[in-house]
Amino acid sequence: MSEEKKSLNFIEQIIEEDLSKGLDKSKLRFRFPPEPNGYLHIGHAASICLNFGLGQSYNAPVNLRFDDTNPTKEEQEYVDAIKQDIKWLGFEWAEELYSSDYFQQLYDWAILLIKKNKAYVDDQSSDEIAVQKGTPTQVGSNSPFRDRSVEENLALFEKMKNGNFEEGSHVLRAKIDMSSTNMLMRDPIIYRVLKKSHHRTGNDWNIYPMYDWTHGESDYIEQISHSICTLEFKNHRELYNWFLDQVYDDNNLRPKQREFARRNLSYTVMSKRKLLQLVEEGLVNGWDDPRMPTISGLRRRGYTPKSIRDFSETAGIAKRDNVTDIALLEFHIKSELNKITPRVMAVLDPVKVVITNYPENKEEILIAENNPEDENAGTREIPFSREIYIEKEDFREQANKKFFRLKLDKEVRLKNAYIIKANSVVKDENGEINEIHCTYDKDSKSGSGSEASKRKVKGTIHWVSIEHAVQAEVRLYDRLFTDEAPDSHKDKDFKEFINPYSLKIIKNAYVEPSLKSAKIGERFQFQRLGYFNVDDDSKTEHLVFNRTVPLRDSWAKMEQKK
RNA sequence: UGACCCAUGGUGUAACGGUAGCACUCCGGUUUUUGGUAUCGUCAGUCAAGGUUCGAAUCCUUGUGGGUCAACCA
């Protein structure tokens with residue numbers, strides 16, 4: 001076999017370089033560090049696949065670390081959901097850890113910082129500190145409290161910790177450089193007073209560490225070799241390294257932060273803040289609404305873990321901002337579902353067909369292939385009778401030669417059944433077609449091997465036997481937004497681009513009887529229509545299907561062009 | 001009037017000084033009892049200008065365009 005050299009992404013190249021410079025392969029260790037303040041989305045999936053993928057290819061441990069340093073926003077509900085989503089995606093973490101596990105160590109190190117005269121307690125308000133910070137083009141100025149004695153700082157910090165100060169009254173700051181061109185280096189805040197109960201540490205702490213102080217030190221504690229985050233943290237790297245310098249010991253591994261571009265998807269939004277807004281304002285039905293780009297939404301929609309992993313792999317990673325075409329995600333889900341889903345027949349917009357030369361009480365069982373893509377998928381039985389439903393749009397009284405479906409005086413094949421010819425229509429007082437009267441060629445039964453069955457008829461349409469069909473609810477989804485990048489418009493709110501037709505509910509669809517026992521989560525291809533799964537709301541007496549994604553429809557495309 | 005990062009077909013990525021490749025999308029053909037699938041094919045790209053070099057997408061300079069940074073958020 002010719003082994004084709006797979007090109008490495010830039011993170012892998014950095015790792016290879018470190019390895020070639022002498023880093024022991026057994027020292028490789030990664031982490032995925034979500035804040036438990038929302039649900040994971042397809043953008044996180046990129047990071048998850050990257051980190052856990054590196055773990056797999058280098059046989060290195062990957063920790064799941066909840067970055068829970070802000071008790072005002074974090075909840076156990078999110079912790080549970082995040083764990084479920086990662087598992088569902090097919091990954092296993094080495095250890096489940098929490099930044100809050102390190103609160104004591106972080107506190108001890110802060111004391112050390114004070115003793116080294118590299119941190120001080122500032123009594124100023126948040127506004128005063130902000131003013132002193134300057135602007136990107138203007139240097140900041142020193143706090144009047146910057147030169148407090150070590151003893152005083154120690155005493156004050158102790159008081160902060162003990163709850164003797166009110167929120168907002170005091171902070172601990174690193175003493176770095178108020179004139180740095182990097183705003184983050186202008187004496188960043190390390191600790192703030194927050195008298196809030198934490199989802200894990202309860203009321204143990206009155207002070208909580210900030211992200212920058214926490215993240216690098218946590219990486220160090222866990223001996224993470226490569227700490228991979230998104231581009232907006234690029235400017236934090238200098239501070240990450242400064243904090244590391246304060247505690248670093250030569251005998252240990254020194255973590256390295258590297259940044260890649262977050263993955264954006266067209267026709268949706270990806271920020272947790274905006275997704276939360278959609279949920280809270282009732283614009284969608286929760287975090288797992290099938291229109292949401294969340295992992296739980298995609299799961300409910302019928303996406304498979306593999307399709308999401310394949311998508312992440314194909315999209316790749318790099319350092320430039322991007323908006324990936326959602327068609328790529330759809331390509332991967334269609335490609336997988338094509339291979340694995342059983343084909344069934346369902347009619348979403350029914351019109352009645354009467355086969356006038358078919359005996360009134362007769363019913364016969366036809367055999368249908370479950371999946372032409374899978375020889376082992378077997379066959380199933382489908383009942384056929386005199387009265388059936390077909391899709392309204394599969395019939396026209398008159399149409400040109402391009403219309404490969406049922407029309408007056410022309411023939412069409414009923415999938416897995418007979419060739420029929422339309423003879424007449426029965427209309428109501430409004431001119432709506434109530435019934436289509438057809439005759440069938442009784443020798444043309446599919447698979448019978450007869451001459452008639454081998455006749456070439458241009459079109460094949462799906463159907464269900466009225467007497468045997470099961471009524472079902474079908475939910476059709478379209479993209480949530482009408483704009484490719486709804487949050488890229490400076491003058492417009494992203495919600496202005498919400499697609500009012502993103503959800504269409506069909507109450508009276510009819511599915512073939514084999515679906516009567518379909519279970520929640522099961523996936524099917526409704527032939528000629530798309531891929532569907534059974535929604536969480538589904539019950540035996542009231543089946544509910546979601547359309548995961550439609551089939552490619554070149555006919556619809558042709559029609560549209562006209 | 002700052003610092004840092006980025007710039008390859010419509011989209012996402014590869015090429016690590018030596019033939020600009022892959023995938024998606026779009027468009028067209030063939031096959032087909034799904035207008036699906038499969039299969040074949042077409043269109044289409046190195047931000048600009050200089051420089052270094054036998055040779056530049058790649059290195060350098062300048063410019064242009066985009067992004068990030070002034071939360072007691074992460």
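All heavy atoms count here, side chains included; hydrogens, waters and symmetry mates do not.
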Which word best sums up how the rings of A:W213 and A:F243 line up, parallel for under 30°, tilted for 30 to 60°, or perpendicular for over 60°?
-> perpendicular
Hey, is A:R455 close enough to A:E451 for a salt bridge, meaning N to O under 4.0 Å?
-> no
Any side-chain donor-acceptor pair under 3.5 Å between A:D443 and A:S450?
-> no
The dot-bracket string of RNA chain B, counting Watson-Crick and G-U wobble pairs with both distances under 3.5 Å, using [ ] for crossing pairs and | for pairs to another strand, is .((((((..((((....[..))))..((((.......)))).....(((((..]....))))))))))).....
Side-chain N or O of A:R186 less than 4.0 angstrom from OP1 or OP2 on B:A71?
-> no
Touch check for A:G140, heavy atoms < 4.0 angstrom, all strands: base, sugar-phosphate only, or nothing?
-> nothing
Side-chain donor/acceptor contact of A:R413 with base of B:U33 under 3.5 Å = yes
A:R262 CZ to B:G12 P, straight-line distance once rounded to whole Å | 16 Å
A:Y107 ring center within less than 6.0 Å of A:W205 ring center = yes
Proximity of A:H170 and A:F157 rings by center, below 6.0 Å | no
Checking all strands, does A:R405 fall into the base, sugar-phosphate, or nothing category for heavy-atom contacts under 4.0 angstrom?
-> base
Please report, rounded to the nearest Å, how far the P atom of B:U68 is from the CZ atom of A:F260.
-> 17 Å
Classify the nucleic acid contact of A:V457 as base, sugar-phosphate or nothing, counting any heavy atom under 4.0 Å across all strands shown.
-> nothing
Scan for salt bridge (charged side-chain N to carboxylate O under 4.0 Å, His left out) pairs involving residues 122-134 of chain A, sequence neighbours excluded, and state none if there are none.
-> A:D122-A:R173, A:D123-A:R148
Heavy atoms under 4.0 Å, any strand shown: does A:S446 hit a base, just sugar-phosphate, or nothing?
-> base
Look at the aromatic rings of A:F545 and A:F524 and report parallel, tilted or perpendicular, splitting at 30° and 60°.
-> perpendicular
Touch check for A:T69, heavy atoms < 4.0 angstrom, all strands: base, sugar-phosphate only, or nothing?
-> sugar-phosphate
Have a look at A:I461 and say if it touches a base, only the backbone sugar-phosphate, or nothing, with a 4.0 Å heavy-atom cut-off.
-> nothing
Selection from B:A15, B:U34, B:C72 that lies nearest to any side-chain heavy atom of A:S7 | B:A15
Test A:R258 against every option in A:K234, A:K319, A:R237 by the side-chain contact (heavy atoms from CB on, under 4.5 Å) rule and name the one that passes.
-> A:R237
Scan nucleotides 21-31 of chain B against the protein and return all N/O pairs shorter than 3.5 Å with their distances rounded to 0.1 Å.
unit_1, atom_1, unit_2, atom_2, d
B:C26, OP1, A:K557, NZ, 2.6

Any chance the side chains of A:Q257 and A:Y240 put a donor and an acceptor closer than 3.5 Å?
-> no
Quick one: side-chain hydrogen bond (donor to acceptor under 3.5 Å, both in side chains) partners of A:K272, sequence neighbours excluded?
-> A:N37
Base, sugar-phosphate, or nothing for A:Y191, non-hydrogen atoms under 4.0 angstrom?
-> nothing
Base, sugar-phosphate, or nothing: which does A:S554 touch, judged by heavy atoms less than 4.0 Å apart?
-> sugar-phosphate
Under 6.0 Å between ring centres, would you say that holds for A:F10 and A:F260?
-> no
OP1 or OP2 of B:G35 less than 4.0 angstrom from a side-chain nitrogen or oxygen of A:R528, does that happen here?
-> yes
Over how many whole Å does the gap from A:N338 atom CG to B:G36 atom P extend?
-> 12 Å
Can you tabulate the close N/O pairs, meaning under 3.5 Å, that link protein atoms to atoms of nucleotides 1-6 of chain B?
unit_1, atom_1, unit_2, atom_2, d
B:G2, N3, A:P136, O, 3.2
B:C6, OP1, A:K319, NZ, 3.4

Starting from C1' on B:C69, measure out to CG on A:D212 and report it in whole angstrom.
-> 12 Å
Residues in contact with RNA chain B, drawn from residues 365-377 of chain A - heavy-atom cutoff 4.0 Å | A:P372, A:E373
Is there aromatic stacking of A:Y211 against B:A74, centre distance under 5.5 Å, plane angle under 30°?
-> no
Across the strands shown, which category fits A:H215 at heavy-atom distances under 4.0 angstrom: base, sugar-phosphate, nothing?
-> nothing
With the side chain defined as heavy atoms from C-beta on, A:K415 is closest, among B:C72, B:A74, B:U34, to B:U34
Which nucleotide in the list B:A74, B:U32, B:U34 gets nearest to the side chain of A:K456?
-> B:U32
Distance, rounded to the nearest Å, where A:L551 contributes CG and B:G35 contributes P = 9 Å
Gap between atoms CG and P, on A:N322 and B:G10 respectively (whole Å) | 17 Å
Touch check for A:Q124, heavy atoms < 4.0 angstrom, all strands: base, sugar-phosphate only, or nothing?
-> base
Can you check the A:W555 CH2 to B:U37 P distance for me, whole Å?
-> 17 Å
Looking for any heavy atom pair under 4.0 Å, which part of the strands does A:N416 touch: base, sugar-phosphate only, or nothing?
-> base
What is the distance from CZ of A:R273 to C1' of B:A71, rounded to the nearest Å?
-> 13 Å
Centroid separation A:F145 to A:Y120 less than 6.0 Å | no
Aromatic contact, A:Y267 with A:F481 (centres under 6.0 Å) | no
Sugar-phosphate only, base, or nothing, as touched by A:E330 at under 4.0 Å among non-hydrogen atoms | nothing
Would you mind classifying the nucleic acid contact of A:Q527 as base, sugar-phosphate or nothing, using non-hydrogen atoms under 4.0 angstrom?
-> base
